[in-house]
Amino acid sequence: MSAGVEDLRRELTRAAVSLGAPDSIVPLLERPRDPAFGDWASNIAMVLAKSLGLKPRDFAERLIAALDRSAAGISSAEIAGPGFINFRLDAGTVSRGMLALLEASAHYGRSGVGAGRPVVVEFVSANPTGPLHVGHGRQAALGDAISSLLEWTGWNVSREFYYNDAGVQIENLALSTRARVQELRGAALAIPDGGYHGTYIAEIGEQYVAEHPEDAAGDDLDALRRFAVAALRQEQDLDLQAFGVVFDTYYLESSLYEDGRVDKTVAALIASGNTYEKDGALFLRTTDYGDDQDRVMRKSAEKGGTFTYFLPDVAYHVTKWERGFTRAINVQGSDHHSTVTRVRAGLQALGVGIPEGYPEYVLHQLVTVLKGGEEVKISKRAGSYVTVRYLIEEVGRDAVRYFFLMRKGDSQLSFDVDLARAQNEENPVYYIQMAHARLAGIFRVGEIDPAGVTGAGVDFGQLALVEETELMKALLDFPAVVANAADALEPHRIATYLHDTAGRIHGWYHKAHVLNEPEEIMRARLFLARTAQLVIKNGLALLGVSAPDRM
RNA sequence: GCGCCAGUAGCUCAGUCGGAUAGAGCAACAGCCUUCUAAGCUGUGGGUCGGGGGUUCGAUUCCCUCCUGGCGCGCCA
C-alpha cells in the first residue's frame with residue numbers, strides 16, 4: 001500500500017480503539033480535494049462520535065491527543081469543518097516511500113494479497129465462425145488487463161479461451177462453406193437459415209477446393225467443417241497476436257462431449273433431484289436458484305433430443321473447479337447476462353461444494369461502431385462488421401487497447417473509427433506516452449543512464465515545488481490504485497490514474513528544468529523524473545500499452 | 001410485463017466505504033516556444049449530477065418511485 005498511509009491507518013485505529021471505538025473499526029483515509037488541507041483526511045471522528053456520545057470535533061480533539069505522531073508518520077493533524085481530521089505526512093515518510101519506489105522499479109505497484117492462489121480468467125471465447133469483431137476487442141483488452149491486475153496483486157492467473165466448436169452453429173458453418181463451394185461450380189448460393197453470409201466464408205470455400213481437389217463438390221461435410229474451423233481459428237489467433245493477447249489455455253467444447261463430461265453432468269444433475277421431465281424435455285429447476293423460469297437441459301425427441309447450450313457450459317465450469325481454480329472470472333458481453341444465473345444455478349444444483357458466487361462475472365456493455373457518421377451494424381449474418389484487425393490497422397494497438405480500457409465496462413462505448421483515426425494527435429494514450437517519452441528525453445539529452453539513478457545523496461528538500469510534492473503523492477498512490485482496481489476488477493481506474501499523473505508530469509516538466517541546474521537540484525529532479533517514468537511505464541504495462549522512450 | 005446496465009459541462013467520460021468549493025479531455029476564448037519533445041503548459045467561460053420523495057450532521061453516491069436509452073427474458077447459441 002501507499003508508503004506511510006498504512007502506518008497512519010494503524011495508529012489511528014489504535015488511538016480510536018483506546019478511546020472506546022470497536023476493534024473492527026477501519027478508518028477511511030482519503031485525499032482531501034484541496035491539497036492545502038493536507039496529505040490525508042479522515043472522517044472517523046464524525047463516524048464514531050455519535051455512538052460514543054460526543055460531538056465530532058470534541059472526539060477528534062481527544063483522538064489527536066491520543067495519537068503517536070511518529071508511529072503514524074505524520075507531522076501534523078488538524079481538525080477542520082464539521083470534524084474532519086487533516087493529516088500531513090512528515091518528510092521522512094515521503095522520502096522513504098520514494099526510495100522504496102525506486103528500489104522496486106519494475107515491480108513497483110505489485111503486492112501479494114492473492115498469495116499465489118489460482119484464478120482462471122475466461123474471455124473472448126468467440127465461436128470459430130468468423131473473425132474477431134470490435135466487441136471481442138473490448139473483451140480482449142478488458143480480460144487481459146484484469147488478468148494483469150490480478151497477477152500484479154499476487155494471483156496465479158490462467159487466461160483461458162473457450163471454443164464453442166460443437167453444436168448447431170458449427171454445423172451451419174460447414175453448410176455455409178459447402179454452399180460457397182457449390183456456388184463456385186455455378187450453383188445458386190444456398191446458405192442455410194442461421195448460416196454465415198460473410199464473404200470470408202467464400203474465401204475459405206476457395207481455399208478448401210484448392211487444397212482438397214478430391215472433394216471439389218464439397219460432399220464431405222466433415223472435412224469442410226474441420227477445414228473451416230481450422231481456418232477461422234487461425235484467423236482469430238492472428239487477430240489476437242496483432243492485439244498482443246496471449247492465452248494460457250484453449251478449452252474446446254467438443255472435448256466435453258468426447259470425454260463424457262456432458263453425459264456425466266446430466267446424470268449428476270438428475271441424481272441431485274433438481275430436474276424433471278415435461279413435454280418430453282428435461283428441465284433443471286433453476287428457479288430454485290433465482291432464475292425466473294426453469295430451463296431446458298435436454299430437448300424433447302421431436303426437437304432432436306440434443307442438449308441446449310447451457311448444459312455443456314455447466315460441465316465446462318465444473319472443470320474449472322476440478323482443475324483447482326477456486327476462483328473463476330468470466331468476462332462477457334452484457335448480452336449474455338442471462339447466462340449468469342443459469343450457470344451458477346447448474347453448479348449449485350450439483351451440490352459439489354462450489355461457492356454460490358462462482359464464477360464471478362465482469363459484464364461489459366456493447367460497443368457501437370461509428371463510421372462516416374453512421375452506426376455500423378454488427379451482424380455476422382450479413383457478414384458486415386468491424387474487425388479487431390481493422391481497428392488495429394487504423395489506429396494502432398496501443399490506442400485501441402487504451403480506448404477500450406479508459407471507460408468503465410458498464411458504460412456503453414461508441415467507437416468512432418474516423419475520429420479515432422483523425423484524433424491521432426489528441427489521443428489520450430499519446431498524452432500519457434508523451435509524458436514517459438519526455439522524461440526519457442531528459443536522460444537521453446543529458447547522456448545519463450536512467451537505470452543508474454539511485455536515491456543516494458538525494459536531498460528531498462530540493463523537491464519543494466507544489467508540482468513536485470503533488471507528483472510524489474500521486475506516485476506513492478500507485479500501489480493502492482493497482483490494488484483497488486484489481487479488487488474491483490476495473491482496469492479503467494489505472495487509465496484514469498495514468499492520465500491524471502501524466503498531467504502532473506507535464507505540468508512539472510514545464511515548470512522545473514532538470515539538466516544544467518545546480519548539482520543538488522539536478523540530482524533530486526533526475527530522481528523524480530526516473531521514479532515518475534517508472535510509474536507510467538508500469539501502469540501502461542498493466543494495460544498492455546507500450547511506453548516508448550521517443551515519440 | 002419482468003430482469004441487468006446506464007442517464008453528471010455543448011460532446012466523450014471520471015468521481016473509491018456517503019464528506020469540505022462535483023473533476024478531466026475534446027470543443028470555445030485569451031496567453032506561452034533562443035533552454036531537457038508545443039503530441040506540451042497557464043488562464044477564462046460552461047452544471048437543476050434525468051424528475052420527485054425518503055434516510056442524516058451531510059446524498060452525484062444509499063432506499064422508494066417515475067421518465068428516457070441499451071441489452072436480455074426460446075425445447076437458439
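Every chain is numbered from 1 and lettered A, B, ... according to where its sequence line falls, protein lines coming before strand lines.
Remark: A/L515 in residues 515-523 of chain A come within less than 4.0 Å of RNA chain B through at least one heavy atom.
In this model, no side-chain donor or acceptor of A/D335 finds a partner on the base of B/rG72 within 3.5 Å. Between the base of B/rA20 and the side chain of A/N43 there is no donor-acceptor pair shorter than 3.5 Å. Counting distance only, with no hydrogens placed and no angle test, the side-chain atoms of A/S300 and the base atoms of B/rC75 include a donor-acceptor pair under 3.5 Å.
Regarding contacts with the backbone of B/rC76, a side-chain N or O of A/K299 is found under 4.0 angstrom from either OP1 or OP2. For the pair A/H336 and B/rC4, the criterion of a side-chain N or O lying under 4.0 Å from OP1 or OP2 is not met. For B/rG74, the OP1/OP2 oxygens have a side-chain nitrogen or oxygen of A/Q293 closer than 4.0 Å. Phosphate proximity of B/rC13 to A/Y402: absent, as no side-chain N or O sits under 4.0 Å from OP1 or OP2.
We find that the ring of A/H513 and the base of B/rC36 stack, their centres lying under 5.5 angstrom apart and their planes tilted less than 30°. Here A/F37 lies parallel enough and close enough to stack on the base of B/rA20, with planes under 30° and ring centres under 5.5 Å apart. Taking a centre distance below 5.5 Å and an interplanar angle below 30 degrees as the stacking criterion, A/F84 stacks against the six-membered base ring of B/rA20.
Proximity note for A/R438 (side chain, C-beta onward) versus B/rA14, B/rA38, B/rU35: the nearest is B/rA38. Among the nucleotides B/rG19, B/rU16, B/rC76, the one closest to the side chain of A/K303 is B/rC76. Picking from B/rU16, B/rC75, B/rG19 the nucleotide with the shortest atom distance to the side chain of A/R493 gives B/rU16. Closest to the A/A437 side chain, of the nucleotides B/rA20, B/rG69, B/rU37, is B/rU37. Taking the side chain of A/R407 as heavy atoms from C-beta on, and the options B/rU12, B/rA38, B/rC75, the nearest nucleotide is B/rU12. Closest to the side chain of A/V296, from the set B/rC75, B/rA20, B/rG70, is B/rC75. Taking every side-chain heavy atom of A/Y430 into account, B/rA39 is the closest of B/rA14, B/rA20, B/rA39. For A/H337, whose side chain is taken as the heavy atoms from C-beta onward, the closest listed nucleotide among B/rC73, B/rC41, B/rG72 is B/rG72. Checking B/rA20, B/rA14, B/rA77 against every side-chain atom of A/N127, the shortest atom distance belongs to B/rA77. Side-chain proximity of A/R295 to B/rG40, B/rG74, B/rC75: nearest is B/rG74.
Using atom C1' as the reference point in both B/rU12 and B/rU56, the two lie 35 Å apart (nearest Å). B/rG23 and B/rA9 have their C1' atoms separated by 10 Å, with the value rounded to a whole Å. For the C1' atoms, the distance from B/rG50 to B/rG31 is 38 Å, rounded to whole Å. Atom name P, nucleotides B/rC64 and B/rC4: the rounded distance is 10 Å, in whole Å.
Remark: A/D500 engages A/R504 in a salt bridge, criterion side-chain N to carboxylate O under 4.0 Å. Between A/R525 and A/E468 there is a salt bridge, since at least one side-chain N of the basic residue sits less than 4.0 Å from a carboxylate O of the acidic one. Here A/R285 does not pair with A/D291 in a salt bridge; the nearest charged N to carboxylate O distance is not below 4.0 Å. A salt bridge is defined here as a Lys NZ or Arg NE, NH1 or NH2 lying under 4.0 Å from an Asp or Glu carboxylate O, and A/R225 with A/E171 meets this definition.
As rounded to whole Å, 14 Å separates atom P of B/rC76 from atom CZ of A/F310. Here B/rA6 presents its P atom at 6 Å from NZ of A/K408, a figure rounded to the nearest Å. For A/F404 and B/rC13, the CZ to P distance is 13 Å, given to the nearest whole Å. The CG-P distance, from A/D410 to B/rG15, rounds to 10 Å in whole Å. Put simply, CZ on A/F403 is 14 Å from P on B/rU12, counting in whole angstrom units. Note: OH (A/Y257) to C1' (B/rA77) measures 11 Å, nearest angstrom. Computed from coordinates, the A/I494 CD1 to B/rG15 P distance equals 12 Å when rounded to whole Å. Remark: P of B/rA39 and CG of A/L498 are 21 Å apart, rounded to the nearest angstrom.
Remark: the backbone N or O of A/H133 is paired with a side-chain donor or acceptor of A/H136 at under 3.5 angstrom. A distance-only check finds no donor-acceptor pair linking the side chain of A/H506 to the backbone of A/W508 [under 3.5 Å]. Checked by atom type and distance alone, the side chain of A/D549 never pairs as donor or acceptor with a backbone atom of A/A437 at under 3.5 Å.
Under the Watson-Crick or G-U wobble criterion, with both distances below 3.5 Å, B/rA6 is paired with B/rU68. In a base pair of the Watson-Crick type (N1 to N3 plus N6-O4 or O6-N4) or a G-U wobble (N1-O2 and O6-N3), with each distance short of 3.5 Å, B/rC11 is matched with B/rG25. Pair assignment for B/rC36 gives none, since no Watson-Crick or G-U wobble pairing has each distance under 3.5 Å. In this structure B/rG46 sits in no base pair that meets the Watson-Crick or G-U test at under 3.5 Å. Nucleotide B/rC76 has no partner under the Watson-Crick or G-U criteria, as no pair reaches both atom distances under 3.5 Å.
Geometric assessment of A/R233 against the ring of A/Y163 yields a positive cation-pi assignment under the 6.0 Å and 45° thresholds.
At a threshold of 4.5 Å between non-hydrogen side-chain atoms, the residues A/N127 and A/I170 do not count as touching.
Aromatic ring pairs are classed by plane angle as parallel below 30°, tilted from 30° to 60° and perpendicular above 60°; the pair A/Y162 and A/Y316 is parallel.
Of the candidates A/L347, A/V340, A/T341, A/V343 forms a side chain to side chain contact (heavy atoms under 4.5 Å, CB included) with just one, namely A/L347.
Each of A/H499 and A/T306 has a nearest nucleotide on RNA chain B; the 5'-most of these lies closest to A/H499. Of the two residues contacting RNA chain B, namely A/S411 and A/L366, the nearest-nucleotide position lying further toward the 5' end is that of A/S411.
With a glycosidic angle no further than 90° from 0, B/rC17 counts as syn.
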